[in-house]
Amino acid sequence: MTDHCTPELFKAIDNLERRYPNVFNGRDTYKLEDVVPPLDPDFRVIKDFRDVIRENDWKKYHSDRGLATEIASCLHRYMGIHEIAEYLDMDAKVIGNVIRETPELKKLANKRRTAFTRVVVYDRKTNKYTILQTLYSAAHKVGLNMANFKFYINDRHCKYWINDRFKAKRKVWFDEDNGI
């Protein structure tokens, strides 16, 4: 990034800061793009700088195997794209692009996306666990409609018995908590 910080860039920033002080001081709700005409030469210098940085960042992150490993680690912890971006202090678009462009990450993300819908149901009467693939099939098994079942399933540590017989938990949480 420092290779692209030229004296012309700093001069352009100073000129724009002098002409549009409210945008730079944060008093104005507009962004620089909303206030400055697109053909302004100082603004063009900043736009060119932004384009070069975006392109170089994409190349750096796209070729970085360490980043793919970090994203895979986050996906294993069932983090979403925005959570991963916040955790790695990056843009969510870059994270999404890396996931879409890397076959292993794409496969892992798709697998993790479907894992959250699976449900483990414990039947106290038969003393058995059943893994069901959808929330609807789990709700049908315990004899509740979806709205009532979601009350139980969205509480990770639900202490209530369903119909005085069943307990239900998402498969993801069941694995992480080592049981119901």
- Taken to the nearest 0.5 Å, the spacing of M90 CE from I81 CD1 works out to 12.0 Å

- Compare all side-chain heavy atoms of T130 with those of V120 and state whether any distance is below 4.5 angstrom. no

- Interatomic distance, I71 atom CD1 to L105 atom CG [nearest 0.5 angstrom]: 6.0 Å

- Message: Among residues at least two apart in sequence or on other chains, which ones pass side chain to side chain donor-acceptor pair (under 3.5 Å) with R118?
- Response: none

- Query: Between R124 and F166, is any pair of side-chain heavy atoms under 4.5 Å apart?
  - Reply: no

- Item | Residues forming a side-chain contact (heavy atoms from CB on, under 4.5 Å) with K107, sequence neighbours excluded | none

- Message: I'd like to check K171 versus T117 (side-chain heavy atoms, cut-off strictly below 4.5 Å). Are they in contact?
- Response: no

- Query: Does R18 come within less than 4.0 Å of D14, counting only side-chain N to carboxylate O?
  - Reply: no

- Query: Is K11 salt-bridged to D42, cutoff N-O under 4.0 Å?
  - Reply: no

- Item | Minimum-distance pair of heavy atoms, taken over all atoms of Y87 and E70 | CE2-OE1, 4.1 Å

- CD (E86) with more than 12 external heavy atoms under 6.0 Å: no

Name every donor-acceptor pair, under 3.5 Å, that has one atom in a side chain of residues 139-152 and the other anywhere in the protein, sequence neighbours excluded.
from : atom 1 : to   : atom 2 : distance (Å)
N145 : OD1    : N148 : N      : 2.9
N145 : OD1    : N148 : ND2    : 3.2

- Interatomic distance, N97 atom CG to K93 atom NZ [nearest 0.5 angstrom]: 9.0 Å

- Task: Supply the atom-to-atom distance L135 CG to R170 CZ, rounded to the nearest 0.5 angstrom.
- Result: 5.0 Å

- Message: Nearest 0.5 angstrom please: D40 CG to L16 CG, how far?
- Response: 5.5 Å

- K106 and R100 have their tightest heavy-atom pair at CD-O, 4.0 Å

- Message: Nearest 0.5 angstrom please: I99 CD1 to E104 CD, how far?
- Response: 12.5 Å

- Give the cluster check for V94 versus L75: same hydrophobic cluster or not, with ILVMFWY residues linked at side-chain heavy-atom distances below 4.5 Å. yes

- Message: Count I, L, V, M, F, W, Y as connected when their side-chain heavy atoms are under 4.5 Å apart, and connections chain through other members. Are F174 and V121 then in the same cluster?
- Response: no

- Would a hydrophobic clustering, with Ile, Leu, Val, Met, Phe, Trp and Tyr connected at side-chain separations under 4.5 Å, put V45 with L39? no

- Query: What do the steps show when you test I46 against L9 for side chain to side chain contact (heavy atoms under 4.5 Å, CB included), and what is the final call?
  - Reply: CA-CA 6 Å; I46 291 175; L9 174 68; 4.1 Å; yes

- Query: With hydrophobic residues grouped by side-chain heavy-atom distances under 4.5 Å, do W161 and V119 end up in a single group?
  - Reply: no

- Task: For Y129 and D123, test the side chains for any donor-to-acceptor distance below 3.5 angstrom and give the result as yes or no.
- Result: no

- Around Y20, counting heavy atoms of other residues, nucleotides and ligands shown, do more than 12 lie under 6.0 Å from its OH? yes

